[in-house]
J.: 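Below you will find the structure I want to go over with you.
None of the values given here were measured: they were computed from a predicted structure.
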Protein chains: 2
Amino acid sequence: MTRNNRRILLASRPEGAICAENFKLVSTPLEPLVDGQFLVRNHYLSVDPYMRGRMGKEKSYAAPVALNEVMVGATVGEVVASLHPQFAVGDKVTGLFGWQEYGTSDGVGVRKVDDKLVPLQAYLGVLGMPGVTAWYGLNKIVAPQAGQTIVVSAASGAVGSVVGQLAKLAGCRAVGIAGGAEKCRYVVETLGFDACVDYKAGRLYEDLKDATPEGVDGCFENVGGAVLDATLARMNPFGRIAICGMIAGYDNQPVPLKHPQIILSMRLLVQGFIISEHPEAWPPALKELGGLVAQGELHYRESVVEGLERAPEALMGLLKGANFGKQLVKLV
Amino acid sequence: MTRNNRRILLASRPEGAICAENFKLVSTPLEPLVDGQFLVRNHYLSVDPYMRGRMGKEKSYAAPVALNEVMVGATVGEVVASLHPQFAVGDKVTGLFGWQEYGTSDGVGVRKVDDKLVPLQAYLGVLGMPGVTAWYGLNKIVAPQAGQTIVVSAASGAVGSVVGQLAKLAGCRAVGIAGGAEKCRYVVETLGFDACVDYKAGRLYEDLKDATPEGVDGCFENVGGAVLDATLARMNPFGRIAICGMIAGYDNQPVPLKHPQIILSMRLLVQGFIISEHPEAWPPALKELGGLVAQGELHYRESVVEGLERAPEALMGLLKGANFGKQLVKLV
C-alpha cells in the first residue's frame, strides 16, 4: 500500500513579513525505496530564524528555496523502512528533511542519534545546530575570559540561552537581552544569567548600562538594529562581537548601525559567521554540550506546536518573538 | 643666551569643524638642559587625521590634549645640544615633540634615523606611523592573497597610497577611492593602482562596481560613511575590513553604516586598530618599507606648508581633503 507524504511547499515569496499564503500544504504518494535508500518518519521539525532568509529571492549565504519546493529545515525521526546497510528500522536519526512527514535518503547528511539520555528533539536544539552555533560563536569569536562581561541578545532563545550558560561556566558575567518580563525572569532565574534587559521596556540603553557596570567585553548578536546599537555603545576596548543573526532586519526593514566609529575607537573585532561552514566545530561542541545536558548543567526550553500544518504559524511567531525557547513542530 | 621656543597650544575645543581660534601661538624661553637631557630642533611636523580626535573632550583611544598644552604630533629634527650619553649634536631623530620648534627629551620615545638614503621627513610618512599603519592593517587584518581585489579609501593619502602599492606587490587588484580627478589620476598613473574611483563624481557605488567586477575581498577603510557603505555592498564572502579611520565623522557628523547585515550575509571580519598598540609591527614593517623606498619601488608624495604658524591651516585642510599626499609642516 502506498503511503502519502504530507509536505509544506513554498508557494510564494514574502514581501515584508511572511504570511500563511506563502505556504501550501500538499499530499504526495511516497515513491518506493530503491537499493541503498531508507525512509524516515519525521517526529519533530525545527523552526529557525534563518528560514526567513531562504524564502527570499536574494542569495544570501545559501541558495533560496525554489518555489513549489519543500521548505528546508532540520528534523529528527525514526527509520521506518530501509534498503540501506547502515540504517535499520527503529534507528533514530537527525537530518535535513524539511517540512514534511517523511524523508527518503541515501544516508548523506543523516546522523544516528541516541535518545536514551536526552529526548530526541534535543538534537534540533541544544544538541543541534543552535547549540553548536552558540558554542562556536562564543568560543571561537567572542573568546570569553573569566571576569569579563558578555552580552547576548534573544537570550531566552535556542541559541542565546546556550551562549549565556556557557559564558557563566567560563566565569563571565552573562547579561541577556530579551523581549518581555517573563522571558527576562526565565533568563535570570532558570538559566542563571546575572541580568537580563527587557528591550520592550523602552529603556534599552539605560537598562543595559545598569546591567553592565564594567562595560561589555563580548557580544553575541542575534537581533541587530537598536539592540546592537545599545551594546556597541557599551563595548570595552578590544571587545569581540559575533554576528550570528540580525532578525530585526529579516523582513527588509533598515537596520543601520548608528555609530560604527566605535569599532575604531574601541578597536573591536566584528565577525559574521554561519555554522554550516564550520563542520570541524561539531564534534567538540557536541561532546561538551552533550556532557553538560546529561549532567543537568545546561537548561533548555521548548516551544512546541503540534501538527505539520502549524509550521508556518510557528515560523511567523518565531520571527515576532512569540516563541519562548527552541521552536519545534511535533508531528508524531 | 636663552633661546625662545615657539609653540602652538590647544586654546579651545572645537565644536564641529576646527578653526584657527582653537589654536594659540606662544613663545617661551627654553629651560636649560639638565644631565641626561638633549635638545632637538624640529625640522618637520607631521599633520595627521588622528589629531582631530585629540582636540575633543572625549577620551577616544588616547587621552585628549589638555587645554593650553602643546598640540601632539610626530616630528623629525636634529640634536642641537646634549647632556645625554647616547645622543650627540648632529644626530637626526624622530620623536613626538608636537607642534613646537624645539623639543627637550631624556631619550624615551626618540629614535635616531638615517637620512643618507631617504629624506628626513620620510620618517613621518612612508617610513613612519602612516607607513607602518598601512603595513599592519593590510598584512595583519586584510591579509591579501594574490588575485584578490583590495579597496582602500583616501587612496592618495599617506596611509592609503602605501596600502595600495603593497597590495599590488602582493599580486592583488588594487582599487582606490579618492576625492577629485587629479588625485585619482595620480593613484593610477603614479602609484600603479588598477583603478581609482572619484567619490566626488556623484556615482560612487556605480563607479566602484565597475572598478571591482569580481567584488571586493579586502577593504582598508580610512573614511567611513558613504564610502564604507559602497564598499560593504561589494564585499565577497569571507572578506576582511580593516578600520583605520573614519574621517567622515571626525567633526561629529553621523556616519551610520546602512547595511550592517552584509557583515553576516557575507561572513565578514571587521577589525578596528590603532598602530600605537602594535609596537611589534614596527621593526618588520620598517624593514620592508625601507627596502622598497631605497629601491624606488614605493612612491610617496608630500604636501608641505612652511612655518610653524601654518600648522593649524594644514590640519584644517587635511580634514577637508585639501592635501595631496602626506601633510607636513616645514620648520627649518
J.: Are the side chain of A/D251 and the backbone of A/Q253 linked by a donor-acceptor contact shorter than 3.5 Å?
T.: no
J.: Using heavy-atom distances under 4.5 Å, tell me whether B/P260 contacts chain A through its side chain, its backbone, both, or neither.
T.: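 Both backbone and side chain of B/P260 come within 4.5 Å of chain A.
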J.: State whether the side chain of B/K183 and the backbone N or O of B/G321 hold a donor-acceptor pair below 3.5 Å, judged by distance alone.
T.: yes
J.: Closest approach of A/L264 and B/G245, non-hydrogen atoms and distance?
T.: CD2-CA, 3.5 Å
J.: Please check if atom NE2 in A/H278 has more than 12 non-hydrogen atoms from other residues, nucleotides or ligands closer than 6.0 Å.
T.: yes
J.: For A/E206, does the CD atom sit with more than 12 other heavy atoms under 6.0 Å from it, leaving out its own atoms?
T.: yes
J.: For chain B, which residues from residues 217-237 of chain A lie under 4.5 Å away (heavy-atom distances)?
T.: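 Within residues 217-237 of chain A, near chain B: nothing under 4.5 Å.
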J.: Taking atom CZ of B/R54 and atom CE of B/M71, what is their separation to the nearest 0.5 Å?
T.: 9.0 Å
J.: Go through the atoms of B/L268 and report whether side chain, backbone, both or neither lie under 4.5 Å from a heavy atom of chain A.
T.: backbone
J.: Quick one: closest heavy-atom pair of B/I247 and B/P49, and the distance?
T.: CD1-CB, 4.0 Å
